[in-house]
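This one's a predicted model, so the numbers in the text were calculated from it and none came from an experiment.
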Amino acid sequence: MRSEPTTLDETDDFPVKIEPGELPSGERILWQGKPDAWRLTLNAFRLKALTLYFGLLVLWRLGSVQHDSGSWALAFAKTAPLVIAFAVCIAILAILAWLYARSTGFTVTDRRIVMRFGVALPSQLNIPLKDVEAAGLKLYRDGTGDIPLTLPPAGRPFYFQIWPFARPLRFRAAEPMLRAVPDAETVANILAKALATTGGAAVRDGVKTAPARQSLGQEAALA
């Protein structure tokens with residue numbers, strides 16, 4: 001999405017961090033940050049689900065081999081490849097999350113939200129604040145959080161175009177999401193004030209989005 005003419009060209013080769021000189025005259029940067037790599041691993045790359053899956057496989061393998069052979073030593077030996085496979089998967093996911101966190105930058109100005117991301121193919125999403133129909137906040141116990149944004153139908157990007165920075169499972173109506181944001185409560189307050197100034201949406205807690213003119217709610221601390 002584009003607003004007034006600007007040097008923020010989606011086809012340019014650009015660094016993750018936006019410099020003030022890239023913005024039109026009079027536009028101010030309110031906040032800049034990167035996603036937290038560990039939270040990205042937990043949520044975007046489903047570390048908990050993967051751990052549960054391999055945990056069940058390991059328990060089943062141990063129990064079945066021990067039941068058939070009567071030997072715990074053989075059971076542990078037969079289960080070792082599963083444990084190694086799990087460790088390899090964890091390492092791959094952690095590296096991918098670190099690469100995405102390293103190559104991603106979120107910027108909130110007094111006129112827009114800019115998301116720059118992409119490991120192999122850098123991309124940019126330029127969202128004018130006046131086009132944000134609704135915004136939400138999901139806050140975790142470690143202070144990180146997710147801020148999904150609802151856009152007009154004509155301006156929505158494709159889900160897989162912006163993954164992992166898309167609200168989960170919203171395939172038909174993709175919602176860009178500032179994901180795994182450190183100190184998300186502070187960022188939500190900054191964004192809420194900017195949206196109020198431009199006449200856009202407010203930011204509310206939980207995964208539900210809040211319509212315009214609604215005040216900032218209490219953030220829910222989730223696991």
Side-chain angles (χ1 to χ4, degrees), residues 13-17 31-65 75-107 113-125 136-149 156-188 206-207 219-223:
D13 184 14
F14 40 69
V16 171
K17 186 177 181 180
W31 173 84
Q32 285 188 304
K34 294 174 172 287
D36 179 83
W38 176 242
R39 178 56 63 182
L40 208 58
T41 307
L42 286 174
N43 291 2
F45 292 94
R46 305 297 181 185
L47 179 59
K48 291 182 180 179
L50 184 67
T51 301
L52 177 61
Y53 173 75
F54 271 98
L56 292 175
L57 282 181
V58 166
L59 291 176
W60 174 81
R61 185 67 169 168
L62 274 173
S64 62
V65 174
F76 280 110
K78 292 289 187 180
T79 305
L82 278 178
V83 177
I84 294 173
F86 173 61
V88 170
C89 288
I90 293 298
I92 292 173
L93 293 183
I95 291 172
L96 285 174
W98 177 80
L99 288 173
Y100 268 102
R102 182 174 178 270
S103 61
T104 298
F106 302 137
T107 301
I113 301 166
V114 181
M115 301 169 62
R116 288 180 170 178
F117 56 92
V119 176
L121 298 173
S123 301
Q124 175 173 287
L125 194 62
L137 171 63
K138 184 175 182 179
L139 189 65
Y140 300 94
R141 290 194 179 97
D142 61 359
T144 61
D146 302 328
I147 304 175
L149 307 168
R156 290 173 184 161
F158 294 110
Y159 183 89
F160 293 104
Q161 177 188 359
I162 57 176
W163 189 90
F165 304 107
R167 186 173 174 180
L169 304 179
R170 296 299 177 97
F171 299 109
R172 296 185 62 184
E175 296 183 12
M177 187 163 72
L178 306 183
R179 194 167 204 167
V181 176
D183 196 11
E185 183 177 358
T186 298
V187 179
V207 295
E219 292 74 14
L222 304 175

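Heavy atoms only, all atoms of each residue included: Gln161 and Pro157 are closest at OE1-CB, 3.7 Å. Between Val187 and Pro182, the closest heavy-atom pair is CG2-O, 3.9 Å. Taking all atoms of both residues into account, the shortest heavy-atom contact from Glu175 to Leu149 is CB-O, 3.3 Å. Looking at every heavy atom in both residues, Leu57 comes nearest to Leu82 through O-CD1, 3.8 Å. Here the shortest heavy-atom pairing between Ala174 and Phe158 reads CB-C, 4.1 Å. Of all the heavy atoms in Pro35 and Ala101, the pair that sits closest is O-CB, 3.6 Å.
For the atom pair CG (Asp183) and OG1 (Thr144), the distance works out to 10.0 Å, reported to the nearest 0.5 Å. To the nearest 0.5 Å, the span separating NZ on Lys34 from NZ on Lys17 amounts to 9.5 Å. The distance from atom OG1 of Thr104 to atom CZ of Arg116, rounded to the nearest 0.5 Å, is 12.0 Å. Within the model, atoms CZ of Arg156 and CD1 of Ile162 stand 11.0 Å from one another, a figure rounded to the nearest 0.5 Å. Atoms CG and CG, on Leu96 and Leu40 in that order, are 10.0 Å from each other to the nearest 0.5 Å. Here CZ of Arg46 is found 12.5 Å from OG1 of Thr41. Values are rounded to the nearest 0.5 Å.
A 4.5 Å side-chain heavy-atom check between Ser64 and Lys78 finds every atom pair outside the cut-off. At least one side-chain heavy atom of Asn43 sits less than 4.5 Å from a side-chain heavy atom of Tyr140. Contact annotation: the side chain of Phe171 approaches that of Leu169 to within less than 4.5 Å [non-hydrogen atoms, C-beta and beyond]. Looking only at side-chain heavy atoms (C-beta outward), Trp31 and Val181 come within less than 4.5 Å of each other. Counting heavy atoms from C-beta outward, Val58 and Val83 have side chains that approach closer than 4.5 Å.
Ring planes of Phe106 and Phe165: perpendicular class, angle over 60° (limits at 30 and 60°).
When atom types are taken as modelled, the side chain of Arg179 and the backbone of Pro164 share a donor-acceptor pair closer than 3.5 angstrom. For Asp146 (side chain) and Ala180 (main-chain N/O), a donor-acceptor pair under 3.5 Å exists by modelled atom type. Using a distance-only test at 3.5 Å, with no hydrogens or angles considered, no donor-acceptor pair links the side chain of Lys48 to the main chain of Leu42.
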Checking ring pair (Phe, Tyr, Trp, His ring centres under 6.0 Å) for the pair Tyr53/Trp60: CA distance, chi angles, key distance, verdict? CA-CA 11 Å; Tyr53 173 75; Trp60 174 81; over 10 Å; no
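A ring-centre distance under 6.0 Å is not found for Trp38 and Phe45.
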